[in-house]
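Atom set for the values below is all heavy atoms of this structure, side chains included, hydrogens, waters and symmetry mates excluded.
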Amino acid sequence: MQQPMDAKLSRYNFWMMSLEGAIFWFAWAVLDGNTVVSVFINQTTGSLALAGFASTWRNCSCLITQLILGMYFHRVQSSARVMSRVGYMSRWVMLFMVPALLLGMWNEPAAWLFLALYGVFFLADGLISLLWLEIMVGTVQPNIRGRINGNQQIVGGALGLVASVGIRFIFGSSLPPPVQFAIIFGANGVLMIANAVVLGRIKEPPAQMQVRHPYIAPNAYFGSLWKLFRKNGAFRKVAYSRCLHTAVVLMVPMFILFGSSVCGLSVTQTASLVTFSVLGQISGGFLWGQLVSHRLSYRHVMGFSSAVNVVVMAMGLACFLLAGRVSLFAPLSVMVFLGMVNNCAHLGYTNHLFECVEPAERPHYLVLIALAMLPATFSSFLAGLIATHWGFGMVFGLGLALALCCAYIVLVRIGLRPKPAPQGA
């Protein structure tokens with residue numbers, strides 16, 4: 001049976017987690033994966049596939065850590081203490097890019113160093129995310145959890161607007177590209193140090209600071225995960241739809257590359273897409289976190305966002321057919337905006353997952369959802385390969401098919417309203 005929550009601790013963690021996430025998203029608005037990272041990889045290597053691989057590598061790193069951690073999760077004596085220590089050791093790693101770029105590293109060596117540091121950061125972030133979610137669910141009241149994500153996206157996104165103006169100024173300056181990116185990486189590293197400080201202030205109740213379970217062998221552990229997956233049909237529907245949703249959202253960087261390589265967008269126009277990306281983040285945080293999840297339900301977040309995915313990918317296919325005939329900067333801006341709006345919709349899937357599982361089994365299901373999402377993390381990389389060999393039309397067509405499958409599962413199989421319990425149950 002789940003213990004009652006401390007109201008004072010719930011309010012405290014609500015605000016600290018909101019602040020921590022706001023700083024995190026501000027930092028990643030500076031080093032946005034859908035724009036800045038794609039531009040950096042493209043400028044240093046000229047490879048569409050490697051630009052797509054960056055997003056795949058980011059998400060895959062997180063999931064690998066969560067999968068491995070699952071075997072030892074219940075042996076952690078203090079989630080808050082471990083989360084704080086890992087944060088202090090890993091959040092600032094992008095600062096290593098600054099001296100490397102200023103000392104003349106560029107082209108493929110710079111790209112591979114970045115990918116190595118990117119992987120280290122998100123390997124650690126996978127551990128932090130799992131511990132963070134466990135603390136949030138154990139300390140924050142269910143009806144305000146979605147608002148944490150909303151606050152993070154709104155405040156972080158508003159600050160990110162300032163960052164986007166700075167990025168446009170940097171990209172439009174006469175500074176050489178290595179210096180431009182050194183400034184961006186340095187800003188990200190400094191903000192992430194501030195994030196680590198706030199991360200260390202998040203608390204958990206003393207009752208949770210204990211060894212929960214003894215060691216379990218890997219074969220027994222993965223066998224238990226398979227049993228949990230088979231017994232919970234509601235979880236399987238969430239896992240399938242979350243996997244499809246993630247695969248579609250991770251194709252958003254292809255819009256940037258499509259605009260710069262096919263539509264002939266200038267460097268300034270490409271940088272301007274950062275602004276629309278951040279505006280999408282703010283709007284998504286407000287829409288999903290403050291309006292839909294709070295006033296309706298997490299099911300509605302899933303349903304509405306799946307419909308938006310269909311619209312975005314249909315627009316991508318239409319833009320491909322119109323490329324070279326009309327200016328596509330405006331529709332590409334809308335697509336990037338909506339893509340980032342939907343990037344915030346993961347809070348609906350995560351919080352609905354908590355409604356489908358028993359509290360004692362929650363950490364195992366978090367690992368299961370990470371395992372189920374592993375194939376989706378390759379969507380950016382595969383999209384880059386497909387764009388290289390068969391063109392962007394094939395990418396957008398595949399994205400539309402995945403979006404339609406996701407919408408079917410969410411709107412038809414799961415539904416926007418809970419099914420009534422059988423009479424007499």
Counting only N and O atoms by type, is there a donor-acceptor contact under 3.5 Å from the side chain of [X] to the main-chain atoms of [Y]?
X	Y	result
N232	C356	yes
D125	C62	no
T45	N42	no
E20	L199	no
N342	L338	no
S283	V341	no
N351	L347	yes
E204	T139	no

If you define the side chain from C-beta out and look only at heavy atoms, does anything of [X] sit under 4.5 Å from [Y]?
X	Y	answer
L113	M97	yes
V37	R58	no
Q43	W106	yes
L50	L115	yes
H245	V410	no
I135	W132	no
I148	S18	yes
F181	V39	yes

Using every non-hydrogen atom in the two residues, find where [X] and [Y] come nearest and quote the distance to one decimal.
X	Y	answer
V248	G399	CG2-O, 3.8 Å
S379	L250	OG-CB, 3.2 Å
I414	S241	CD1-OG, 4.0 Å
L402	A247	CD1-CB, 4.1 Å
F40	A111	CE2-CA, 4.2 Å
R91	A196	CG-CB, 3.9 Å

Out of curiosity, [X] [atom1] to [Y] [atom2], how far, rounded to the nearest 0.5 Å?
X	Y	atom1	atom2	answer
N195	L19	CG	CG	9.0 Å
F320	C263	CZ	SG	10.0 Å
L244	C405	CG	SG	6.0 Å
H346	R242	NE2	CZ	7.0 Å
F14	I144	CZ	CD1	5.0 Å
S129	E134	OG	CD	13.5 Å

- Query: For M315, does the CE atom sit with more than 12 other heavy atoms under 6.0 Å from it, leaving out its own atoms?
  - Reply: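 Buried by this count: over 12 neighbours within 6.0 Å.
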- Query: Just wondering, are more than 12 heavy atoms of other shown residues or ligands nearer than 6.0 Å to CD in E355?
  - Reply: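 Above 12, so yes.
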- Message: What verdict does the side-chain contact (heavy atoms from CB on, under 4.5 Å) test give for N13 and M136, after you've listed the backbone C-alpha separation in whole Å, the side-chain angles of each residue and the deciding distance to 0.1 Å?
- Response: CA-CA 7 Å; N13 272 0; M136 182 192 72; over 6 Å; no
- Residue pair V86, L131: steps toward the side-chain contact (heavy atoms from CB on, under 4.5 Å) verdict: CA-CA 11 Å; V86 175; L131 297 170; 5.9 Å; no
Check whether the ring centres of [X] and [Y] lie less than 6.0 Å apart, and answer yes or no.
X	Y	value
W28	F122	yes
Y88	W92	no
F258	F392	yes

- Would you please classify the geometry between the Y240 ring and the F229 ring as parallel, tilted or perpendicular, with 30° and 60° separating the classes?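 Perpendicular.
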- Pick from W57, F121, F185: which one makes a ring pair (Phe, Tyr, Trp, His ring centres under 6.0 Å) with F114? F185
- Task: Given side-chain contact (heavy atoms from CB on, under 4.5 Å), test Y349 with I369 step by step and report yes or no.
- Result: CA-CA 10 Å; Y349 292 87; I369 196 72; over 6 Å; no
- Item | For L400, all residues meeting side chain to side chain contact (heavy atoms under 4.5 Å, CB included), sequence neighbours excluded |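 For L400, the residues satisfying side chain to side chain contact (heavy atoms under 4.5 Å, CB included) (neighbours in sequence not counted) are V310, M313, A314, L317, L404.
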List the atom pairs, donor and acceptor, that lie under 3.5 Å between side-chain atoms in residues 301-308 and the rest of the protein, sequence neighbours left out.
{"from": "S305", "atom 1": "OG", "to": "V301", "atom 2": "O", "distance (Å)": "2.8"}
{"from": "S305", "atom 1": "OG", "to": "M302", "atom 2": "O", "distance (Å)": "3.1"}
{"from": "S306", "atom 1": "OG", "to": "M302", "atom 2": "O", "distance (Å)": "3.3"}
{"from": "S306", "atom 1": "OG", "to": "G303", "atom 2": "O", "distance (Å)": "2.6"}

Indicate every side-chain donor-acceptor pair of residues 321-335 with a distance under 3.5 Å to a residue at least two apart or in another chain.
{"from": "S333", "atom 1": "OG", "to": "F329", "atom 2": "O", "distance (Å)": "2.8"}

